[in-house]
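Working notes, beginning with the structure itself.
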Amino acid sequence: MKNSPSQIPSPTAAPPMRPETPIGAGPAPRRRKRSTLVLGVLVTLVGVLGTSMLVRSAGDRVDVLAVARDVPAGQQITAEDLTTAALPQDPALQPVKASEKDSVIGRRATAPLHRGELLANTQIHGGKALPDGQDLVAVEVQRGAAPADALAPGDQVKVISTPGKDEAVSKSAPDELQATIVKVGTPNASGAVVIQVAVAGTDSAQLAARAATGRVAIVLSAKG
């Protein structure tokens with residue numbers, strides 16, 4: 001018996017083909033986006049930290065005293081001689097703080113001060129101005145003419161005139177002047193040292209004239 005056309009079984013339809021997906025292709029874009037996001041966050045954090053460090057560094061600045069104009073050694077320091085400067089804190093630098101300006105005014109420069117340099121404690125006399133009636137005189141003495149290692153500011157000394165090389169030693173007592181040590185310098189290559197002393201105003205001209213000849217000696221008086 002022949003099958004009718006309606007009874008002929010139809011061939012089974014093949015399932016639709018799915019596009020092939022390469023292995024590992026799906027997650028890659030997501031990982032790239034995540035890496036880019038992390039990198040952006042890190043860059044932002046680095047920028048914030050850098051800015052914070054710069055701000056903190058700027059905040060650590062301190063006001064110090066600087067020299068506004070040249071001041072000769074021995075001259076009193078006035079308010080017009082000083083100005084202020086803002087510097088980062090540095091242990092290697094020890095300038096006088098701006099808050100100490102009032103205590104500096106009236107003191108004397110122990111060395112020449114030059115415009116634009118920072119003011120250090122070693123450049124100013126430790127106390128206020130010299131008492132009324134006294135002057136500051138710089139005396140250079142040769143090697144062996146002063147006990148430089150034993151001298152300190154405040155010591156009472158005698159400044160004595162010494163004879164020249166071709167002069168005979170006088171039998172009379174040598175001329176001497178009473179003085180107070182203000183600052184002792186550093187010996188130079190030949191051993192000579194500059195010593196700043198305070199003397200009575202009536203003796204300062206005489207002492208300066210003696211010091212100019214280089215024929216002076218300093219004797220340390222007994223303390224107390």
Side-chain angles (χ1 to χ4, degrees), residues 64-78 81-82 85 87 90-96 100 104 106-130 134-170 173-201 203-223:
V64 299
L65 290 179
V67 181
R69 60 186 182 184
D70 292 347
V71 179
Q75 181 171 304
Q76 268 191 9
I77 299 174
T78 66
D81 298 328
L82 304 173
L87 297 177
D90 188 343
L93 299 177
Q94 297 181 339
V96 180
E100 301 177 19
V104 171
R107 296 187 183 183
R108 293 183 181 270
T110 58
L113 305 181
H114 303 288
R115 178 182 178 182
E117 68 181 7
L118 300 180
L119 184 66
N121 283 310
T122 56
Q123 296 174 301
I124 53 179
H125 181 241
K128 282 288 188 179
L130 295 176
Q134 289 196 342
D135 293 334
L136 188 68
V137 180
V139 179
E140 182 179 46
V141 294
Q142 302 304 314
R143 182 195 298 271
D149 293 339
L151 296 178
D155 286 344
Q156 301 297 313
V157 297
K158 299 176 182 178
V159 183
I160 301 174
S161 297
T162 57
K165 293 181 179 179
D166 299 329
E167 295 181 8
V169 178
S170 175
D175 295 332
E176 65 179 52
L177 295 173
Q178 299 293 326
T180 303
I181 298 295
V182 173
K183 179 179 174 60
V184 180
T186 303
N188 60 21
S190 63
V193 58
V194 175
I195 300 175
Q196 297 183 31
V197 297
V199 296
D203 296 333
S204 59
Q206 181 182 358
L207 179 56
R210 292 183 187 178
T213 66
R215 292 157 45 190
V216 292
I218 292 181
V219 177
L220 178 62
S221 303
K223 298 181 180 180

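All values below come from the heavy atoms of this structure, side chains included, with hydrogens, waters and symmetry mates left out. Numbering starts at 1 and runs along the sequence shown.
Once rounded to the nearest 0.5 Å, the distance linking NZ of Lys158 with CG of Asp175 reads 13.5 Å. For the atom pair CG of Asp70 and CZ of Arg115, the computed distance is 8.5 Å after rounding to the nearest 0.5 Å. For the atom pair Thr180 OG1 and Asp155 CG, the distance stands at 9.0 Å (nearest 0.5 Å). Atom CD of Glu100 is separated from atom CG of Asn121 by 6.5 Å, given to the nearest 0.5 angstrom. Interatomic distance, Gln123 CD to Arg107 CZ, rounded to the nearest 0.5 Å: 13.0 Å. Taking CG of Leu65 as the reference point, atom CD1 of Ile77 lies at 9.5 Å (rounded to 0.5 Å).
Annotation: side chain of Val137 is in contact with side chain of Ser204 (closest heavy-atom distance under 4.5 Å). At a threshold of 4.5 Å between non-hydrogen side-chain atoms, the residues Val194 and Val139 do not count as touching.
A donor-acceptor contact shorter than 3.5 Å is absent between the side chain of Gln206 and the backbone of Asp203. In terms of modelled atom types and a separation under 3.5 Å, the side chain of Thr162 and the main chain of Arg215 share a donor-acceptor contact.
Taking each heavy atom of Ala211 and Val216 in turn, the nearest pair found is N-CG1, 4.1 Å. Here the closest heavy-atom approach between residue Val71 and residue Ala109 is recorded as CG1-CB, 4.2 Å. Closest approach of Gly201 to Asp135, counting heavy atoms only: CA-OD2, 3.4 Å. Closest non-hydrogen pair, Ala179 versus Val199, comes out as CB-CG1, 3.4 Å. Taking all atoms of both residues into account, the shortest heavy-atom contact from Val193 to Gly185 is CG2-O, 3.3 Å. Heavy-atom minimum distance, Ala192 versus Glu140: CB-OE2, 3.9 Å.
Residue Val219 forms a side chain to side chain contact (heavy atoms under 4.5 Å, CB included) with just one option from Ile160, Val159, Val157, and that option is Ile160.
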Starting from the C-alpha separation in whole Å, work towards a yes-or-no answer on side chain to side chain contact (heavy atoms under 4.5 Å, CB included) for Val184 and Asp149. CA-CA 9 Å; Val184 180; Asp149 293 339; over 6 Å; no
Show, in sequence, the C-alpha distance, side-chain angles and deciding distance for Leu82 and Val104, and conclude whether the side chain to side chain contact (heavy atoms under 4.5 Å, CB included) test is met. CA-CA 9 Å; Leu82 304 173; Val104 171; 4.0 Å; yes
Run Val64 and Leu118 through side chain to side chain contact (heavy atoms under 4.5 Å, CB included) and show every step you take. CA-CA 8 Å; Val64 299; Leu118 300 180; 4.0 Å; yes
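Side-chain N/O atoms of Ser161 and Arg210 include a donor and acceptor closer than 3.5 Å.
Between Asp81 and Arg69, at least one side-chain N (NZ, or NE/NH1/NH2) sits under 4.0 Å from a carboxylate O, which counts as a salt bridge.
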